[in-house]
Each structure stands twice: as C-alpha cells, then as structure tokens.
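Side chains included, hydrogens not; waters and symmetry mates left out as well; all remaining heavy atoms used.
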Amino acid sequence: MTGVGSVVRRSWRSFVSQPPPRPAPAGRGREGYRLWQRVWASIINRQLPRLAATTVAPPRVPPAVRRPVAGWFGLPVVPTSGALTAAGDDRLVLEASSPDGGTLFLVRGAAADYQLEVTLLGGGDPGPLAASVRYAAVDGTEWEIVVPMPSGRVGPPAGYVTLPGFGPGSTWAARGPEPVTADPGWSDATVTLSVRAALNDATRQAWRRIGATLGGRLGGLIDEALR
C-alpha cells in the first residue's frame with residue numbers, strides 16, 4: 001500500500017504543480033476528430049493538429065433546365081395528376097404567364113402527348129417573334145423548343161407546338177417572345193425539332209416567315225424541316 005500511496009502522492013503533486021493549460025495554438029483544433037481521439041489527446045496533454053477543410057458537395061439540382069440566365073424565367077412544374085379542366089381529349093393541365101403578364105403559356109394533353117400554346121396578349125402583327133422553352137423529362141433528358149408567333153390576324157398571336165418528352169414532374173423555363181435576330185443562337189437540332197413540333201398551319205407559316213427573314217443556312221434548314 002505504501003508504494004501505491006507514493007504513486008498517488010507523486011501524481012497529485014505533479015498535477016497541482018502543473019501550470020494551467022495554454023490555449024490551443026492558432027490553426028489547431030478538434031473539429032473533425034472522433035470522441036475517443038479527443039479524449040485520448042486530453043489524457044496525454046497533446047494538441048490535435050488541424051484537419052484540412054472538407055469540401056461539402058453542393059446539393060443536387062433536379063434534372064431540368066440549367067441555371068437561369070438573363071431573359072429566362074421559370075414556369076410551374078407540371079402536376080403529377082389531375083387537370084384544371086377537361087373537354088374531351090383536350091385537357092388543360094397547366095396555365096402560367098410570363099413575369100410581365102404579357103404572354104400566356106397553356107399546356108394541354110395527357111400521357112406522352114402534351115402540347116403547348118404560347119399566346120402573346122395584346123394582338124396585332126408582332127413581326128418575326130419567337131419564344132423558347134427549355135425543359136427536362138423525369139429521366140433527365142433535356143429539350144429546347146422554339147415557338148414562333150403567327151401574325152395574329154384573327155385574335156392574339158399564338159404558337160401551338162407539341163412537347164416531346166414532356167410530362168408530369170418536368171421542370172421548365174421560357175424566354176420571350178422576342179424579335180428573331182440574324183443570329184438567334186439556335187442549334188441545327190433545335191431548329192429541326194422545333195419546326196417539326198409545329199401543330200397547326202399558323203405556326204408553320206410563322207416558321208416560313210422566320211426562314212425567309214433569316215435566309216442562309218438556318219433558312220434552308222427551316223424550309224427542309226417544313227417539307
């Protein structure tokens with residue numbers, strides 16, 4: 001017992017004579033260590049080195065429209081069930097408008113057969129104008145469809161197109177309608193797909209007008225897709 005008592009007394013004298021612990025040096029800490037590692041370091045009076053900062057991965061963005069850029073605005077996600085109205089096969093499943101209230105977007109249809117009507121409110125002859133929509137299917141496939149605005153001789157100008165791959169859960173954004181410039185930035189694939197997506201003669205006539213305005217390679221591509 002004497003030996004044990006001596007060890008205890010020596011430990012106590014060592015403990016009470018020990019100066020108070022100094023603050024951890026800059027750049028040291030315990031963030032990122034497990035509990036047992038922090039306890040053991042405290043027992044042996046050892047500072048834990050600072051761990052390298054861990055990069056946190058950003059949250060996963062739903063597969064759809066890429067981050068909005070100037071001129072693009074988001075539209076409501078298509079509901080997974082139900083419809084606003086029902087009239088035979090022409091179901092209105094979504095109605096939305098542009099931020100300025102000047103353009104109306106109506107989605108009709110069901111299953112794999114959704115159509116979009118883009119109406120420029122105010123009427124009149126808008127000249128060569130076109131809207132664009134970007135969206136993604138639930139499987140992540142992305143699409144871009146250009147919707148030209150007809151002349152609007154009877155009622156407000158309205159383009160009518162089909163939306164391949166569009167359906168419940170799709171996220172999407174739109175741009176325009178805006179004037180068609182000499183270099184609209186459309187890819188050949190987008191032009192071909194968009195022209196073939198036209199659902200009525202007024203929309204196809206609007207494409208013919210745009211093709212005549214653009215001429216050159218894009219004009220020829222539009223003419224070919226209209227055949």
Item checked: Derivation and outcome, side chain to side chain contact (heavy atoms under 4.5 Å, CB included), residues Leu129 and Val180 -> CA-CA 5 Å; Leu129 294 180; Val180 177; 5.7 Å; no

Notebook entry, point to check: Asp223 and Arg208: salt bridge (Lys or Arg N to Asp or Glu O under 4.0 Å), yes or no, with the steps?
Noted result: CA-CA 7 Å; Asp223 288 342; Arg208 289 188 179 92; over 6 Å; no

Check: For Thr119 and Thr103, what are the C-alpha separation, side-chain angles and deciding distance, and is it a side chain to side chain contact (heavy atoms under 4.5 Å, CB included)?
Finding: CA-CA 6 Å; Thr119 303; Thr103 307; over 6 Å; no

Next item on the list: Under the side chain to side chain contact (heavy atoms under 4.5 Å, CB included) rule, what do Leu92 and Leu106 come out as? Steps first, then yes or no, please.
Entry: CA-CA 7 Å; Leu92 176 61; Leu106 301 176; 4.0 Å; yes

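To the nearest 0.5 Å, atom CD of residue Gln115 and atom OG1 of residue Thr162 are 5.5 Å apart. How far OH of Tyr135 is from CG of Leu116: 9.0 Å, rounded to the nearest 0.5 Å. Here the straight-line distance linking atom CZ of Arg196 with atom CZ of Arg204 works out to 13.0 Å at 0.5 Å rounding. Leu218 contributes atom CG, which lies 12.0 Å from atom OG1 of Thr213 (distance to the nearest 0.5 angstrom). Note that CG of Leu75 is 7.5 Å distant from CG of Leu94, once rounded to the nearest 0.5 Å. Note: Leu163 CG to Trp143 CH2 = 10.5 Å, rounded to the nearest 0.5 Å.
The heavy-atom pair separating Pro184 from Leu214 by the smallest distance is CD-CD2, 4.2 Å. Heavy atoms only, all atoms of each residue included: Leu104 and Ala96 are closest at CD1-O, 3.4 Å. Contact record, Ala158 with Thr203: O-OG1, 4.4 Å, taken as the closest heavy-atom pair. Scanning both residues, Trp186 and Ser132, for their nearest heavy atoms gives NE1-OG, 4.2 Å. Val146 and Ala130 make their closest contact through CG1-CB, 3.8 Å (heavy atoms, listed as atom of the first residue, atom of the second, distance). Of all heavy-atom pairs between Gly159 and Pro150, the closest is N-CD, 3.7 Å.
In terms of hydrophobic clustering, with Ile, Leu, Val, Met, Phe, Trp and Tyr side chains grouped at heavy-atom distances under 4.5 Å, Val133 and Val107 are assigned to a common cluster. Taking hydrophobic clusters as Ile, Leu, Val, Met, Phe, Trp and Tyr residues chained together by side-chain heavy-atom distances below 4.5 Å, Leu226 shares a cluster with Leu221. Cluster annotation: Phe166 is connected to Val147 through the hydrophobic network of ILVMFWY side chains, with a link wherever side-chain heavy atoms come within less than 4.5 Å. Val77 and Tyr114 are not part of a single hydrophobic cluster, where members link through side-chain heavy atoms under 4.5 Å apart.
Between Arg175 and Glu178 a salt bridge is recorded (basic side-chain N to carboxylate O distance below 4.0 Å). The pair Arg108-Glu117 meets the salt-bridge criterion, with a side-chain N (NZ, NE, NH1 or NH2) lying under 4.0 Å from an Asp/Glu carboxylate O.
Put simply, the side chain of Pro164 reaches to within 4.5 Å of the side chain of Leu193, judged on heavy atoms. Using a 4.5 Å cut-off on side-chain heavy atoms (C-beta onward), Leu120 and Pro156 make no contact.
With Thr192 contributing its side chain and Asp188 its backbone, the two residues share a donor-acceptor pair below 3.5 Å.
Between Phe105 and Trp172, the two ring planes are perpendicular [angle over 60°; tilted spans 30° to 60°].
No hydrogens or angles considered: a donor-acceptor pair under 3.5 Å links the side chains of Asp100 and Ser98.
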